[in-house]
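For the numbers below, each heavy atom of this structure counts, side chains included, while hydrogens, waters and symmetry mates do not. Just so it is clear, the model here is predicted, and its values are computed rather than measured. All residue numbers in this chain count up from 1 along the given sequence.
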Amino acid sequence: MLDLFLNKLADCIMTAGGNVYRINTDWRTWLGFSRIIQKKDATLNEIRHIYIDDVPPEDEKECFQLLLQFYQPESEIPRTASASGTEKVLDYFIDSQYIYAAFLEQYGIDLFEKPDGVHFRPMHWHQFLALLSGLHGTKLNDIMSYRCWEGDTKTEYGKQMQKLRQAWELPREKDEKVQQDLDAFNRLFEK
């Protein structure tokens with residue numbers, strides 16, 4: 001989270017035991033982190049590139065929790081009033097072209113080009129998140145609003161919104177229980 005009272009952005013994590021680990025804070029690193037943590041078979045080894053120093057953390061599980069907190073910093077607002085407020089409405093990879101276009105349209109920021117013409121603009125992950133959350137009036141905002149729309153589907157407007165929601169809906173992950181049942185069923189034929 002951005003803290004305007006500090007003179008710099010966080011660039012490390014600190015364990016309960018006081019161990020400090022410097023981390024790569026670039027937005028592209030954390031987009032990659034998001035892809036890794038979505039994998040069902042992800043390992044702690046896959047995130048070691050986030051640490052700047054070659055010293056592996058003593059307690060990798062604690063550090064992983066701290067990395068998750070860095071990746072998704074807690075925010076007091078907005079508060080979610082319903083369960084539907086927790087539905088995923090943005091996927092960094094599926095929506096990458098709309099994120100790029102929104103940053104360019106809203107802020108004049110070309111995420112792929114530094115001001116001096118060298119590729120890949122450096123930006124702290126928390127800066128990226130702040131700019132992303134401040135977007136308004138872009139195609140990305142429209143898409144996200146379609147994905148979280150709930151309403152009466154009996155009106156013409158409601159029918160149209162339902163079609164837009166279905167058209168822009170993110171792919172659903174298989175229910176874990178259903179997947180476990182499928183795996184158990186398939187094991188029956190492996191003998």
Side-chain angles (χ1 to χ4, degrees), residues 1-4 9 25-42 67-115 119-186:
M1 180 169 91
L2 288 177
D3 186 344
L4 297 177
L9 294 166
T25 62
D26 187 70
W27 63 277
R28 291 169 315 220
T29 299
W30 291 91
L31 288 181
F33 180 82
S34 73
R35 180 170 270 176
I36 292 168
I37 63 173
Q38 288 178 14
K39 293 177 10 181
K40 298 253 185 250
D41 58 346
L67 292 176
L68 283 175
Q69 290 171 13
F70 183 88
Y71 168 66
Q72 291 181 316
E74 287 187 25
S75 179
E76 292 183 40
I77 54 174
R79 292 181 242 343
T80 305
S82 68
S84 65
T86 60
E87 190 171 328
K88 187 175 175 183
V89 296
L90 177 70
D91 183 286
Y92 293 120
F93 296 97
I94 292 173
D95 297 322
S96 61
Q97 66 186 347
Y98 303 107
I99 294 169
Y100 173 81
F103 271 63
L104 192 57
E105 175 186 339
Q106 193 103 102
Y107 307 118
I109 296 175
D110 185 333
L111 291 171
F112 292 107
E113 203 171 296
K114 285 185 183 180
H119 290 296
F120 296 116
R121 173 183 289 274
M123 186 185 311
H124 190 283
W125 176 242
H126 292 167
Q127 287 175 309
F128 179 86
L129 290 177
L131 292 171
L132 185 65
S133 67
L135 291 172
H136 58 88
T138 67
K139 181 68 174 177
L140 179 65
N141 295 106
D142 293 343
I143 293 167
M144 291 168 62
S145 69
Y146 301 150
R147 290 176 181 158
C148 64
W149 183 84
E150 291 180 357
D152 183 10
T153 57
K154 294 176 181 154
T155 66
E156 279 307 310
Y157 175 78
K159 289 176 186 176
Q160 182 63 30
M161 289 302 292
Q162 184 64 24
K163 284 180 184 178
L164 288 167
R165 179 184 173 124
Q166 290 171 346
W168 288 99
E169 187 175 43
L170 290 170
R172 295 189 181 268
E173 295 178 25
K174 289 183 180 177
D175 180 66
E176 213 170 305
K177 174 69 174 128
V178 171
Q179 187 60 49
Q180 288 173 352
D181 291 345
L182 278 172
D183 291 344
F185 179 77
N186 288 331

When rounded to the nearest 0.5 angstrom, what distance separates CG in Leu131 from NE2 in His124?
12.5 Å
Kindly indicate, with the supporting measurements, whether the criterion side-chain contact (heavy atoms from CB on, under 4.5 Å) is fulfilled by Thr25 and Leu9.
CA-CA 9 Å; Thr25 62; Leu9 294 166; over 6 Å; no
Side chain proximity check, Ile143 to Leu164, heavy atoms < 4.5 angstrom:
no
Atom OH of Tyr157 with >12 non-hydrogen neighbours under 6.0 angstrom
no
Are any side-chain N or O atoms of Asp26 and backbone N or O atoms of Pro122, one a donor and one an acceptor, separated by less than 3.5 Å?
no
Quiz item: cation-pi between Arg35 and Phe93, 6.0 Å / 45°
yes
Any heavy-atom pair between the side chains of Leu68 and Gln72 that's under 4.5 Å?
no
Nearest atoms (heavy-atom pairs only) where Asp142 meets Ser145
O-OG, 2.7 Å
Could you tell me whether the side chain of His126 and the main chain of Phe70 form a donor-acceptor pair under 3.5 Å?
yes
Mind checking whether Tyr146 and Trp168 have parallel, tilted or perpendicular rings, split at 30° and 60°?
tilted
Do Leu31 and Trp125 make a side-chain contact, defined as non-hydrogen atoms from C-beta onward lying under 4.5 Å apart?
yes
Do Leu111 and Leu104 have side chains that approach each other closer than 4.5 Å (heavy atoms only, starting at C-beta)?
no
If we only count heavy atoms from C-beta on, is the Leu67 to Ile37 side-chain gap below 4.5 Å?
no
Under 30°, 30 to 60°, or over 60°: which ring-plane class applies to Trp27 and Phe128, parallel, tilted or perpendicular?
parallel
Quick check for you: to the nearest 0.5 Å, what is the distance between Met161 atom CE and Thr155 atom OG1?
10.0 Å
Check ion pair Asp152-Lys159 (N to O, under 4.0 angstrom):
no
Val89 versus Met144, closest heavy-atom pair with distance
O-CG, 3.4 Å
Leu140 vs Ile99 side-chain heavy atoms within contact, under 4.5 Å:
yes
Leu129 backbone acceptor or donor facing Ser133 side chain under 3.5 Å:
yes
Answer yes or no: is there a side-chain heavy-atom contact under 4.5 Å between Tyr100 and Ile109?
no
Kindly give the heavy-atom pair with the smallest separation between Trp149 and Gly158, and that separation in Å.
CH2-O, 3.5 Å
Just so I know, are the side chains of Gln38 and Asp91 near enough to count as touching, which here means a heavy-atom distance under 4.5 Å?
yes
Please say whether more than 12 non-hydrogen atoms of neighbouring residues, nucleotides or ligands are located less than 6.0 Å from NZ in Lys154.
no
Measure the acute angle between the ring planes of Tyr71 and Trp30, then classify it against the limits of 30° and 60° as parallel, tilted or perpendicular.
parallel
Whether the side chain of Gln106 engages the backbone of Thr138 through a donor-acceptor N/O pair (distance < 3.5 Å, no angle test) should be reported.
no
Knowing that exactly one of Lys139, Arg147, Lys88 qualifies, which makes a salt bridge (charged side-chain N to carboxylate O under 4.0 Å, His left out) with Asp95?
Arg147
